[in-house]
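In what follows, a structure is listed as structure tokens, so that the remarks can point back to it.
Residue numbers count from 1 along this sequence. The basis for the numbers below is simple: all heavy atoms, side chains too, and nothing from hydrogens, waters or symmetry mates. Quick caveat, the model's predicted, so the values are computed rather than measured.
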Amino acid sequence: MTAVIARLRRALPTGVLLVALGTLVVVPMLFILLAAFSTHVPRPGAIGLDALSLENFEILSTSQAVGALGNSVFIAGAASLVALVIGCGLAFLAARTDAPARRLLYFAGIAPLFLPSLVGALAWSLLGSPATGFLNLLLHSVGLDLTLDIYSRPGLIMVLALYYAPYAFLLVHSALSLMNPDLEEAAFVHGGTRRHTLRRITFPLAMPAILGSGILIFALTMENFPVAQVIGNPGQVDTLPSFIYRLMNASPSRGNEAAAVAVVLTVVLLVVTALQQRAVMRRKFTTVTGKGVKAKMIPLGRWRWPAFAAAMAYFALAVVLPLAALLTAALQNSPYIASLGQLTDADALSFYSLGEMLTSEDFLQAARNSVLTAVLAGLIGTAISFAISYTVYRTNAPGRRVLEFVAMAPLAVPAIVLGLGLLWTWLVAPVPVYGTMAVLVVAFLAVFLPQGYRGVSASILQVDRDLEDSAVLLGSPRAKAVSYVTLPLMRVGMVSTLLLLLMLCMRELSAALFLFTSDTRLLSILIFDNYDNGAMQGAACVSLLYCGVILVIALLAKSLGAKTVEGSR
């Protein structure tokens, strides 16, 4: 009997966490599956088990669904290739060459991360609209008979590539910076040229990071909804996420067919995620040693300034032009302009609309909601991530590998799909959560659980467990040893994870699409509502203020992170 009690006590932490993760992730996905095979969507008092059918999957044979799937795969593949070229090129320039202003190059590589893809897409719709886009007005004003159309597959690919290139930049920059220079030096000693060494040594060693980031970008662009809706929808370019959204917003709502399409999208992303894991794990190269030597910079010669100019062109396309377009749209007094010359009129620009939006109750409420949900989701997510990581890596509790698998599962589930499952989960659950801020916090916890778990796991693996065990041997209870030894040593990693979750939650739109009410709108929802209702100036004003809020949070995060690092020394 004592042995059984001891076994149950060991399994209790894993069981509690599995129940929590099951509620966050597994149950919503089960409701998606149930709705896909049912004739009715789950609702209070009836979850649809009484009428199962395969009819919903007939939509997959329609031209709309086939076209959306083909567009999703093609656009995600093309955007991934372009993003890889941009990100890897910038990473190479910033990490391994003598290009001028390499710190500026690094900033250019990560700066688009601070512009949510929704804001970037909205800005490019202002820049590249065939009728009134600022770039088209500029081209026509200088006499060029050329019209850019951002509402097209090439436009969609370009915008996605601009705002997902930083993922490739960060991963590849890290791999190139930490590379062991002895391997390249050995190639030079044996007569290898610079070009031969780059092709046979340097780039192959960075290949796991390149492949991993490429497949990651493919998955992220495949499930992206904001860009697909803002750029693709006006040009009638359907993707699976926008197709799901259209089915849910049909009159009457076609939730069961949307669930069937969601299952297909999830299966595709499961395959892509498995390929990513295989690409990252298949080839292992030791490129970091304890010698502390630094790789030699590669001279670019006459290509130094052209390479720098290309990097600045990317920065201009991803950050400068979009912000300038948003500012112009927010300040102009007339909603429509026929030429750029109108902007030079005495009363053409005014801060009235921007100031009015800043003081409006809609914006202030959305800002409060966004900050509140992000902070709560960040704090709770970091705590849950620590509990999971500690159970997996510091205990021998049964089922801990299952716990890790469930924690990473949302990585393969599109945010819009998980949001749909959470909608039905909390409509059916006998808990008054739907329609409150709590359901948005739950959604963010579910969507960003993998990022939180990986962030905390990286920190806990760096702390030797002997330090904690020594405190226990000296008579300290395990909980006290964790509080006074393990957590203080993980302080930097924990704060970094909290700040990462905070930024991700502030940017998220897809997971909240089906969960918000008029009282729980977020800044991302407010932007999307303004755009959807044709209020482009309102959308531009909120977008600028939205970027300002994110910038303030980023600066506070940097300040807090610096203090944390200083205090941990």
Side-chain angles (χ1 to χ4, degrees), residues 19 21-62 64-69 72 222-225 228-229 238-271 273 406 409-436 438-440 442-447 449 508-517:
V19 169
L21 295 189
T23 305
L24 284 174
V25 178
V26 179
V27 174
M29 290 310 302
L30 290 178
F31 272 111
I32 290 288
L33 278 174
L34 181 61
F37 289 97
S38 176
T39 57
H40 302 289
V41 297
R43 60 189 185 277
I47 60 174
L49 281 173
D50 55 332
L52 298 181
S53 171
L54 293 174
E55 292 180 1
N56 299 316
F57 288 91
E58 292 178 1
I59 193 173
L60 299 177
S61 62
T62 63
Q64 296 95 330
V66 173
L69 176 60
S72 291
M222 182 90 173
E223 68 164 296
N224 182 280
F225 168 75
Q229 185 67 15
D238 237 355
T239 63
L240 288 179
S242 59
F243 189 45
I244 292 171
Y245 178 76
R246 188 151 51 84
L247 289 172
M248 284 297 295
N249 281 323
S251 184
S253 178
R254 300 165 65 182
N256 297 104
E257 292 173 310
V261 177
V263 169
V264 173
L265 178 56
T266 303
V267 169
V268 172
L269 285 179
L270 280 170
V271 173
T273 304
V406 176
L411 202 62
V413 182
I416 194 171
V417 174
L418 202 51
L420 187 58
L422 286 165
L423 165 68
W424 290 327
T425 299
W426 295 106
L427 277 176
V428 171
V431 182
V433 171
Y434 181 76
T436 68
V439 75
L440 296 174
V442 169
F444 292 158
L445 287 174
V447 170
L449 182 62
E508 181 58 25
L509 167 69
S510 303
L513 271 175
F514 306 121
L515 301 174
F516 75 94
T517 65

Minimum side-chain heavy-atom gap [X]-[Y] below 4.5 Å:
X      : Y      : answer
Val26  : Leu21  : no
Thr39  : Asn256 : no
Asn224 : Pro241 : no
Thr23  : Trp426 : yes
Phe514 : Ile416 : yes
Val66  : Ser61  : no
Leu423 : Met248 : yes

Looking at [X] and [Y], what are the two nearest heavy atoms and their distance?
X      : Y      : result
Thr239 : Ala228 : OG1-CB, 3.2 Å
Ala259 : Ala35  : CB-CB, 3.7 Å
Thr517 : Gly435 : CG2-CA, 3.6 Å
Leu418 : Pro28  : CD1-CB, 4.3 Å
Phe31  : Gly421 : CB-O, 4.4 Å

Atom [atom1] of [X] and atom [atom2] of [Y]: how far apart are they, to the nearest 0.5 Å?
X      : Y      : atom1 : atom2 : answer
Glu257 : Leu247 : CD    : CG    : 6.0 Å
Leu240 : Phe225 : CG    : CZ    : 13.0 Å
Leu265 : Leu269 : CG    : CG    : 5.0 Å
Leu513 : Ile244 : CG    : CD1   : 11.0 Å
Gln64  : Leu69  : CD    : CG    : 13.5 Å

Worksheet entry | For Tyr245, all residues meeting side-chain hydrogen bond (donor to acceptor under 3.5 Å, both in side chains), sequence neighbours excluded |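 Counting only residues at least two positions away or on another chain, Tyr245 forms a side-chain hydrogen bond (donor to acceptor under 3.5 Å, both in side chains) with Asn249.
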Would a distance-only check, ignoring hydrogens and angles, find a side-chain to backbone donor-acceptor pair under 3.5 Å from [X] to [Y]?
X      : Y      : result
Asn56  : Ala36  : yes
Ser242 : Asp238 : no
Glu223 : Ala415 : yes

Item to complete: Check step by step if side-chain contact (heavy atoms from CB on, under 4.5 Å) holds for Ile32 and Val413.
Response: CA-CA 11 Å; Ile32 290 288; Val413 182; over 6 Å; no
